[in-house]
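Each ligand, and each atom within it, is numbered from 1 in the order the structure gives.
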Amino acid sequence: MLETSIEYLKGVGPVKADLLKKELSIFTYGHLLNYFPYRYIDRTKFHKISELNDQSDYVQIKGILRKIDEQGSGPKRRLVGTFRDESGVMELVWFKGLSWVSNLQTGVEYIIFGKTSLFNGRVSMIHPDIELVSNANTEAQSMLEPVYSTTEKLNSKKIKSKDIGRIIKSLLQKIDEIPYHIEENLPQSIREQFKFLSRKESINFIHFPQNQEQLKISRNRLKFEELFFLQLRLLRTKKLRKTTNRGYFFQKIGDNFNNFYQNNLKFPLTEAQKRVIKEIRKDLGCGEQMNRLLQGDVGSGKTVVALMIMLIALDNGFQASLMAPTEILAQQHFKSISDMISGLGINIELLTGTVKGSKRKEILKRLESGEIHLLVGTHALIEDSVVFKSLGLTIIDEQHRFGVMQRAKMWKKTDSNPPHILVMTATPIPRTLAMTVYGDLDVSVIDEMPPGRIPITTYHKYETQRLWVFGRMKEEIAKGHQIYIVYPLIEESESETMADIKDLMQGHDMLSVEFPKPRYQISVVHGKQKPADKEFEMQRFIKGETQIMIATTVIEVGVNVPNATLMLIENADRFGLAQLHQLRGRVGRGGGEAFCILMTGFKLSEESKFRMKTMCETTDGFRISEADLKLRGPGNIEGTQQSGIIGLKLADIVKDANILNAARDVAMNIIETDPNLEKPENLPLNKFLQNIQSNQSFSRIS
Ligand code: ADP
Ligand code: MG
């Protein structure tokens, strides 16, 4: 029955049905039931005009519409209604739907509802919900009246929130009469555990609650449902992948690993690094394919962990690859790993888009013959022409910068089993987000910094304090240290344009005066340079020949220069928190004191101020990502775009973290005891899951 097209519903018909389909994607009875109100009007409360100020939240007022005047012209043309109750007068303002507004009657009592704001210096209501008192009384459906979002087109065709409410009401009545059951999709045990109402009651009450309490428990149950089925799906995918994909058995720890550990490793591993290596080793030796996410803040030492795991692959007769999102980062990895394994007789090569001609041919040949053991590179690695002899492990650094398709391609680089996959990220993701976005991966976290790191001191400074900044820079240089200066790109695009680097060029001119040659040397790096020039400038800085490096964000995930102690970020308000945190992590790698200066103009939005303040207060990547999540919402956090959270209708993974945790635990329990959802009590789950899966197509994370 829920598949029935809405046009067969009383009061809908083909014309309205067509509009609802086009405007709101409501095709069936089921869609209609799941079209939840976004807000409720408390019909028990009326406000007085004299009590209002521009801070008032949504309010309901009863009064008389005195007159409607036309004001302004062109795009500013508007209708202004004078609205009066016994306590005072206010204005109602409309910019759109003007013809509809002029049909309102003056001298008659209306109920208006909306948010107040200050317009032309007066408390006004812009685009209020408005209806005749006489209508409202007869049609009051419940004390908390549902408000459904509509579109302008629907409004103009007389399908307003109220009409949608009426249609849903009649559907619910019909369901009651025939008698049809809105099928329960949660097992009895879960319903009892959380004292949930039945699915049918919850859907009834979320549309037409009699009181706040009823609304709350209904919403909670439906939020749980939403999160629970998402988790069930993710955990099931994960389980299924493990049972269907056999993994290569890496049982042996051999010479590569042991020699590295005994002779080449220059520092003791942190406890966190050891723990993570242990977790990964367990994956590699259990016969299942590994799909693991390694989270660790910038500088926490992920590279050495990646290397040691790759050495295990080598010890077991396989090749391994490491893929990075940018040329610079790939080069950096290649160099640091080459250094770390020197003398061990391991063949390592670098393959990026700039490796061409005979060099490329030679690498591909040696890769296919198995002569190359480790291959480091950019997305050039996933090209079809890149064929391994026996790829056993792929590591993807800064994985969120790769698309799902690119990652999936790595799976196909082998003939039989897919390689083990480890994805790494330096953008710490709050736990609640991680278990949704990466819910089908195992997660390891390096939550400890190598010893001796002193937290970076961060300042927020304005243009007027430039002299102080120059002073700080000179102090650092006098100590023999180096400095990064970073400019934001103006537009996020694949390659930088000249406009993007204009600020950087001007900054360079200014600095050349303050920091003259030959005493001071400056490197400039940006996306408009030829790779060779870029490399040359980078090398000068890496070798310590230049003290200052001015760059666009190309250095964001690259470069490791332990001698750099000051990160100066220009127009810092143009960066997101995650990016600021990444950039700051470029300094202080030498173990000494390090600084970050955030430069901005005086005029800052509240949000920008909050970002600057957060950066000055903490260096904890997880705290910063929590703040970021609160500011921007889950849909905007890097790497979340492909996940199911975008489709959530009711639940908010920040505000509803408790419900999410509970849903995750319950889902985990079920998948562990009944992975195929075959037990009688789990059959409703199975059925419902199949239903939503056939209605949506979800992409795979890795
Ligand atoms: P990230 O996690 O950001 O990739 P890296 O792997 O680049 O961090 O490590 C940052 C720096 O810390 C490197 O210079 C690395 O050699 C060093 N490092 C890593 N692990 C340790 C450790 N256990 N003790 C001391 N230094 C370490
Ligand atoms: Mg790294």
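- A salt bridge (Lys or Arg N to Asp or Glu O under 4.0 Å) with E362 is found for exactly one of K365, R366, R360, namely R366.
- Annotation: atom 8 (O) of ligand 1 to nearest protein heavy atom, G301 N, 3.3 Å.
- Judged by distance alone, the side chains of T565 and E593 never bring a donor and an acceptor atom under 3.5 Å apart.
- Not a single heavy atom of G585 sits under 4.0 Å from any atom of ligand 1.
- Between G296 and ligand 1 there is no heavy-atom distance shorter than 4.0 Å.
- For ligand 1, the polar-atom distance check finds an N/O of P268 within less than 3.5 Å of one of the ligand's N/O atoms.
- Applying the 4.0 Å criterion to heavy atoms of T270 picks out, from ligand 1, the atoms 23 (N).
- Of all the heavy atoms of M424, none lies under 4.0 Å from any atom of ligand 1, so neither backbone nor side chain is involved.
- What you find for I569 and M567 is that their closest heavy atoms are CG1-CG, 3.8 Å.
- For atom 14 (O) of ligand 1, the nearest protein heavy atom (residue, atom name, distance) is N560 ND2, 3.4 Å.
- Taking a cut-off of under 4.0 Å to the non-hydrogen atoms of R589, the atoms of ligand 1 that pass are 3 (O), 7 (O).
- A donor-acceptor pair under 3.5 Å is formed between the side chain of S336 and the backbone N or O of Q332.
- Using a 4.0 Å cut-off between charged side-chain N and carboxylate O, D283 and R292 make a salt bridge.
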- [ ] Apply the test side-chain contact (heavy atoms from CB on, under 4.5 Å) to residues Y520 and K474: give CA-CA distance (whole Å), side-chain angles for both, the deciding distance (0.1 Å), then the verdict.
- [x] CA-CA 10 Å; Y520 298 101; K474 283 177 183 159; 3.7 Å; yes
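- Of the heavy atoms in P562, none comes closer than 4.0 Å to ligand 1.
- Closest to atom 18 (N) of ligand 1 among all protein heavy atoms lies F267 CZ, 3.6 Å.
- Only the backbone of L269 comes within 4.0 Å of ligand 1, counting heavy atoms alone; no side-chain atom from C-beta on gets that close.
- Looking only at heavy atoms of the protein, atom 11 (C) of ligand 1 is closest to R453 NH2, 3.6 Å.
- Taking the six-membered ring where tryptophan is involved, the planes of F541 and Y484 are tilted, since the angle between them lies from 30° to 60°.
- In summary, of the residues considered (T614, D620, T619, D297), a side-chain hydrogen bond (donor to acceptor under 3.5 Å, both in side chains) with H581 occurs for D297 alone.
- Using a non-hydrogen distance threshold of 4.0 Å, G299 registers as a contact of ligand 1.
- Among protein heavy atoms, atom 20 (N) of ligand 1 sits closest to Q273 NE2, 3.0 Å.
- The residue from E448, Q295, K302 that puts a heavy atom closest to atom 2 (O) of ligand 1 is K302.
- Scanning the protein for heavy atoms near atom 6 (O) of ligand 1, the closest one is T303 OG1, 2.7 Å.
- At least one heavy atom of D297 lies less than 4.0 angstrom from ligand 1.
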- [ ] Using the ring pair (Phe, Tyr, Trp, His ring centres under 6.0 Å) rule, take F388 and F318 through it: C-alpha gap first, then chi angles, then the decisive distance, then the call.
- [x] CA-CA 10 Å; F388 292 81; F318 287 91; over 10 Å; no
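- Remark: side-chain polar atoms of R584 are not paired, donor with acceptor, to backbone N or O of T458 under 3.5 angstrom.
- Donor-acceptor pairing under 3.5 Å is lacking for the side chains of T378 and T352.
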